[in-house]
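Just so it is clear, the structure is predicted and the values come from calculations on it, not from any experiment.
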Protein chains: 2
Amino acid sequence: MDSSLTVDQVRLTPILIADPPLLNTQGVHQPFTPRLIVEVITQGGVVGLGETYGDGKYLELARPLAEALPGHRITDVNGLFALADEVCGESHRTESNVDAGGLRGAQTLDKLRLSVVSAFEVAFLDALGKHRGEPVHSLLGGKVRDAVDYSAYLFYRWAQHPAGAHPAGLGVEDEWGAALDPAGVVAQARRFADTYGFRSFKLKGGVFAPDEEIAAIRALAEEFPGQPLRLDPNGAWSVPTSLYVAEQLAGVLEYLEDPATGTDLMAQVSAGTSVPLATNMCVTAVPEIAEAFARDAVQVVLSDHHYWGGLRRTQELAAICRAFGVGLSMHSNTHLGISLAAMTHVAATVPNLDYACDSHYPWQTEDVITVRHTFEDGRLAVSDAPGLGVELDRDALAALHRRWAEDDGTMRERDDAAAMRKAHPEWVRPALPRW
Amino acid sequence: MDSSLTVDQVRLTPILIADPPLLNTQGVHQPFTPRLIVEVITQGGVVGLGETYGDGKYLELARPLAEALPGHRITDVNGLFALADEVCGESHRTESNVDAGGLRGAQTLDKLRLSVVSAFEVAFLDALGKHRGEPVHSLLGGKVRDAVDYSAYLFYRWAQHPAGAHPAGLGVEDEWGAALDPAGVVAQARRFADTYGFRSFKLKGGVFAPDEEIAAIRALAEEFPGQPLRLDPNGAWSVPTSLYVAEQLAGVLEYLEDPATGTDLMAQVSAGTSVPLATNMCVTAVPEIAEAFARDAVQVVLSDHHYWGGLRRTQELAAICRAFGVGLSMHSNTHLGISLAAMTHVAATVPNLDYACDSHYPWQTEDVITVRHTFEDGRLAVSDAPGLGVELDRDALAALHRRWAEDDGTMRERDDAAAMRKAHPEWVRPALPRW
C-alpha cells in the first residue's frame with residue numbers, strides 16, 4: 001500500500017476567534033471563543049485540515065491522539081477511533097470530567113472524545129481527497145445535490161460586549177446592533193435574507209419569557225409568510241410551558257427545538273403536540289438514540305459531525321434516521337470555514353437531509369481559510385475541488401493563535417454564564433427549566 | 001476529476017453453477033443454480049467484479065442498469081442507486097413481479113433492485129481499489145480484524161441429485177454422501193471441522209419434523225461440546241412449535257434462526273423464549289427494521305450485502321444494529337468467490353460483527369476466480385491486495401456461461417420445489433407453517 005498516505009506529523013493550533021454578544025439561556029457569548037485547528041500532514045506532504053472545539057478539555061484529549069498518530073494510515077478511520085479509545089480513553093474517565101448539562105445536553109467523556117476525533121476524521125478525508133484529486137463528498141459516496149440549504153441563525157443580542165468583558169479591553173465590533181425584541185429580531189432576519197438569501201429562520205430562544213419569544217416568531221411569520229421558522233430555547237422550558245408555546249405556535253413553526261431537556265421530558269412534550277420536536281441536546285450520541293426513538297421523543301435529529309465523530313458517523317446517523325422515519329437537520333455551534341466546508345460535503349451526500357442546516361458562520365468575522373464561504377440564495381455550493389476545497393491562511397491562523405497564547409486564560413474556556421456576569425454580576429447559570 | 005474512474009463498459013455474464021442436492025423446507029437445490037457475474041470496466045482499463053443472483057427477474061433489472069452505466073463515475077455510489085431507481089424502477093413495479101414468500105422472506109421490487117445494485121456497488125469498489133492500490137476494506141474505513149470467522153453450514157442432503165433432475169442428465173457429483181439423520185449431520189459437521197476448522201455450526205432445518213431436528217442439534221452438542229450451534233428452519237414452524245423447539249434447545253443453541261415467518265409471529269416467539277432469534281427473512285430491508293426492533297422480534301440480524309444493496313449499506317445496517325443493541329451476523333445463499341471476498345471485506349470493517357458468518361462456499365465445487373478461497377481454522381484471512389483481491393478465471397466463466405446458454409431454461413430459474421418434484425412428483429411448495 002501507498003506509504004504517502006501515512007501520517008507523518010500532526011499540528012494542533014488552539015486559537016481564539018471573535019464572537020459577537022449573542023444571547024442564549026445560559027448567558028452570552030464571550031468576545032472570543034476557543035477553537036482547535038488540526039493539521040494532519042502525510043508522508044506524501046499533503047496537509048489535511050480539521051476543526052473542533054478548543055476548550056481545555058478538548059485540547060487535553062487531542063494532544064495524546066496527535067502524538068500517537070504518526071505512522072497511522074489516513075484511510076484507516078476505524079483504526080483512528082480505536083486509537084482514540086486507547087490513548088484518550090480510560091485514563092480520563094473520571095466523574096469530575098463529566099458535565100451534566102450545558103447547551104450540548106448531557107456530556108460524557110465518550111462525547112468529548114468523539115468531538116475531538118471528528119476533527120481528525122475530517123482532516124484524514126481532506127488529506128485523502130487532496131491525494132486522490134477527489135472532493136470529500138466523492139470519498140463519502142458522492143453528492144446527491146450541488147448546493148446545500150442553510151437557515152438564518154437569529155439571535156437575541158446586544159450591540160456590543162459589556163465593558164470589561166475581556167481583560168485587555170479588546171473586542172471585535174460588528175455593525176449588526178442590538179436585537180432584543182420582535183422588531184429587532186425581524187430587522188436581523190431581514191438583513192440575513194437580503195444579504196445571504198436565507199429562506200428559513202431559526203431563533204435562539206430561552207432568553208426572554210416565552211410570550212416575548214412567541215411574539216418574535218409571530219412577527220417573523222408576518223414578515224416572511226410561509227417561510228420555515230424554528231425556535232430553540234435550549235431546554236429552558238418546563239413541559240407545560242413547552243406545550244403552551246407549541247400550542248401558540250402550531251402551524252407557524254417548522255419545528256420546535258429542545259423545548260425541554262432530556263428524553264423523558266421531550267417525550268412528554270411530544271405526546272401533547274403535533275409540532276415536530278427537533279433536538280441537538282437529548283440525542284447527541286448513539287446510546288441516546290434507541291430510547292428517544294422508541295418513545296417518539298423527537299421527530300427531527302440535528303446532526304453535527306463534531307458531536308457524532310466525523311462525516312462517516314454523520315452518514316450513519318442519517319441512515320438510522322432514514323430507517324426509523326425520523327427527520328434530519330444539521331446543528332451548528334460557533335465554527336469557522338473548515339467545519340462549514342465539512343458540514344457542506346457531508347450534507348451533500350445525505351439523501352434524507354430534510355431541512356436547511358443551521359450555521360453560526362455569518363456571525364464569524366474571522367476565519368483561518370484564504371477564501372471565505374459565501375451564501376447565495378441561502379445556499380452554499382458544494383465544492384468539487386480536491387479534499388474539503390479550502391486552504392489554510394497561515395497568517396490568520398498565526399494571529400488567532402497569538403491571541404490564544406497571550407490570553408490570560410479567561411477566554412480559553414467558553415463560559416457563557418461568566419461572560420454574562422460582566423454585565424450582570426449576580427448572574428448564575430440558570431437551573432433548567434427557567435420557565 | 002480523474003476520467004479514468006469513469007465507467008467505459010459493463011459486461012453481464014449469467015452462468016449456471018453446480019450445486020449439491022441440499023434440502024430445505026421448500027425443496028432441494030437444483031443440480032445447477034443461476035448466478036450473474038458483473039464486470040465494470042473503467043476508462044482507465046480496470047475491471048471491477050461483482051456477483052449476484054442470476055434468475056431472470058434479476059437479469060431483467062441488471063440489463064438496463066448496465067446499459068445506463070457508461071459515463072458514470074465509480075466513486076459515485078449515491079448516483080448508482082439513483083440511476084437504478086430511474087432505469088429499473090417504476091416500469092417494473094407490477095404486483096405480478098412480487099413474490100410474497102420464499103427463503104428470502106417477502107420480496108418486493110425494491111429488494112430485487114437492491115440485490116442487483118449490490119453487484120454493481122461491489123464492482124465499483126473492486127475497480128476503485130484496483131485503481132488506488134487499496135483493498136476494499138480500506139475504502140470502507142479500514143479492517144478492524146485480520147481474519148473473519150465463518151461457521152459450518154450443515155444441510156440435510158441426498159448423496160446425489162435424483163435421476164432426471166437435469167434434462168441433459170448432467171450433474172456434478174461430490175463425495176459428501178447423504179445426511180438425513182443425526183448421525184449423518186454429525187458426520188458432515190465433523191468433516192467440516194476437520195477440513196476447514198469451523199468452530200460453529202448452523203443446520204438448515206425445516207426439512208424433517210421438529211423432534212428429528214432437535215435430536216440432530218443435540219447430537220451436534222454432544223460431539224462439539226460448548227461450540228456455538230444454530231438451527232434455521234426458514235419459517236417452517238408455527239409459534240407453538242417454535243416455542244417448543246426453543247424450550248427443548250434452550251442453553252444449547254447460540255440462536256434460533258427464523259423459526260416462524262414475519263415480524264408478528266417472530267415477536268410472539270421472542271416474547272416466549274430467552275433463546276435469541278436471528279433473521280434473514282423478517283428483516284431484509286430498511287423498511288422492515290423499525291417495527292421488528294420496536295417489538296423485539298429479533299435479537300440478531302443476518303446481514304447480506306446482496307439483500308441490502310452492497311457493502312456500504314451493510315455497514316449502515318451494522319450501525320443501526322449497534323445503535324439498537326441488536327446483534328449482527330451474516331447470511332449466505334449459494335454464491336461464488338467474488339461474493340465471498342466482498343462479504344469478507346465488509347465483515348472485516350464491522351466492529352459489531354458478533355457471530356461467525358454463514359457461507360455456502362464449501363458446497364460449491366466450481367468458481368469463476370483463479371484461486372479459490374481457503375478456510376483455515378474456520379476463518380478467512382482478509383486480503384490486503386488491491387480491490388477485492390480476486391481475479392477472474394475467464395475460461396471458467398466462459399464454460400459456466402456456456403452451460404447457461406445451452407440450458408433449455410429449466411435451470412435458469414432456481415426453483416427448489418420443482419427440483420424436489422424430480423424425486424417426489426407430488427411435491428408442492430409447502431404452505432408455512434409446515435409444523
Atom pair [atom1]/[atom2] of [X] and [Y] - distance to nearest 0.5 Å:
X        : Y        : atom1 : atom2 : result
A:Glu134 : B:Thr75  : CD    : OG1   : 4.5 Å
A:Ser138 : B:Leu5   : OG    : CG    : 8.0 Å
B:Ile320 : A:Arg322 : CD1   : CZ    : 8.0 Å

Which portion of [X] sits near chain B, non-hydrogen atoms under 4.5 angstrom:
X        : value
A:Arg132 : both
A:Ala323 : both
A:Leu139 : neither

*asked:* Check this for me, if you would: do B:Arg312 and A:Glu316 make a salt bridge, where the nitrogen-to-carboxylate-oxygen distance has to be below 4.0 angstrom?
replied: no
*Plane angle bin for A:Phe293 and B:Phe324 - parallel if under 30°, tilted between 30 and 60°, otherwise perpendicular*: tilted
*asked:* Can a donor-acceptor pair be found, under 3.5 Å and without considering hydrogens, that links the side chain of A:Asp76 to the backbone of B:Gly142?
replied: no
*asked:* Looking at every non-hydrogen atom in both residues, tell me the closest pair between B:Asn78 and A:Leu140 and how far apart they are.
replied: ND2-O, 4.4 Å
